[in-house]
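All ligand and atom numbering here is 1-based and tracks the order in the structure. Note that the structure is predicted; figures quoted are calculated from it, not measured.
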Amino acid sequence: MARKKKGLLIVVSGPAGVGKGTVNAALMQKHPEIRMSVSVTTRAPRPGEIEGVHYFFRTKEEFDRMIDEDAFLEYMHVFGMNYYGTPKAFVETERNKGNHVILEIDVQGAMKVKSRCPDAVLVFIAPPSLKVLKDRLVGRGTETQESIDVRTATALEELKKLPDYDYMVINDVVEEAVADMEAILSAELNRTARNQTLITKLTGGETI
Ligand code: 5GP
């Protein structure tokens, strides 16, 4: 029997409030072979956030220990206050099982992952306009005015990094954004570079 192919590593970035979480959750509901990496952070949980589901919430000291143990695929200091990091072990284990892993991380983290894992697929989720983005952030009701201002300014900087990504998906209608994500996954799985084993068999004249 053919060995299962290594799963895809999909990095999803986009400004706060763009709906990355909504798009990814809808995608995962349709595709049980997709896993979401849970990051470690030093920031305080927001109301409703669950340990081990949204993040692993850790102290700065615990985070530093994980850095020393080389436990992160990448980690980043975001918004001048908090640390965020992607645990390495989960990503490798799941990909080796043939599952696809999504990392929902910021643009700097995405670039680090791309340099460490050149086969990673980088997707940027963009808003249809800056106005829509700001309205969504205000509507969330969990952010202070200062936080909204910082995040809007950060969003502009992040949008400038869009050309460094492999794909952009506009999140206007969630179902359409999910369909775009599915199309990207499908195309990536059909890349010749990801099908070397089968290509070798076919070109080797094997008939079984
Ligand atoms: P939030 O505090 O709103 O949950 O996330 C703030 C930012 O940190 C978002 O842009 C989010 O994508 C990013 N982020 C979350 N986890 C990680 C991670 O493990 N690594 C990096 N580099 N960024 C992350």
**OP:** Pick whichever of F72, Y84, F56 has a heavy atom sitting closest to atom 14 (N) of ligand 1.
**Re:** Y84
**OP:** Answer yes when K160 and E157 have at least one side-chain N-carboxylate O distance shorter than 4.0 Å, and no when they do not.
**Re:** yes
Original post:
Which atoms of ligand 1 are found less than 4.0 Å from any heavy atom of E104?
Top reply: 12 (O), 14 (N), 15 (C), 16 (N)
**OP:** Within a distance under 4.0 Å of any heavy atom of E74, pick out the atoms of ligand 1 and give their elements.
**Re:** 18 (C), 19 (O), 20 (N), 21 (C), 22 (N)
Original post:
So is M76 polar-close to ligand 1, meaning N/O to N/O under 3.5 Å?
Top reply: no
Subject >> ligand 1 to S39 polar contact by distance, N or O atoms, under 3.5 Å >> reply: yes
Original post:
Is L103 close to E74 at the side-chain level, that is, under 4.5 Å between some pair of heavy atoms?
Top reply: no
Original post:
Can you name the one residue among T59, N82, D64 that meets side chain to side chain contact (heavy atoms under 4.5 Å, CB included) with T42?
Top reply: N82
**OP:** State whether the shortest distance between N or O atoms of Y55 and N or O atoms of ligand 1 falls below 3.5 angstrom.
**Re:** yes
Original post:
What atoms of ligand 1 come within less than 4.0 Å of a heavy atom belonging to R151?
Top reply: 2 (O), 3 (O)
**OP:** Pick whichever of D106, V38, V107 has a heavy atom sitting closest to atom 22 (N) of ligand 1.
**Re:** D106
**OP:** Please confirm whether A16 comes under 4.0 Å of ligand 1, counting heavy atoms of the residue only.
**Re:** no
Subject >> contact_flag R46 ligand 1 heavy-atom lt 4.0 Å >> reply: yes
Subject >> Minimum heavy-atom distance A16-L133, with the two atoms named >> reply: O-CD1, 3.4 Å
Original post:
If every non-hydrogen atom of R95 is compared with every non-hydrogen atom of V101, which pair is closest and at what distance?
Top reply: CG-CG2, 3.9 Å
**OP:** List the atom of V18, the atom of P127, and the distance in Å for their closest heavy-atom pair.
**Re:** CG2-N, 3.4 Å
Original post:
Is R191 salt-bridged to E188, cutoff N-O under 4.0 Å?
Top reply: yes
Subject >> Evaluation steps, side chain to side chain contact (heavy atoms under 4.5 Å, CB included), between I184 and I10 >> reply: CA-CA 10 Å; I184 291 166; I10 308 137; over 6 Å; no
**OP:** Under 4.0 Å from a heavy atom of R43: give me the atoms of ligand 1 that qualify, with their elements.
**Re:** 1 (P), 2 (O), 4 (O)
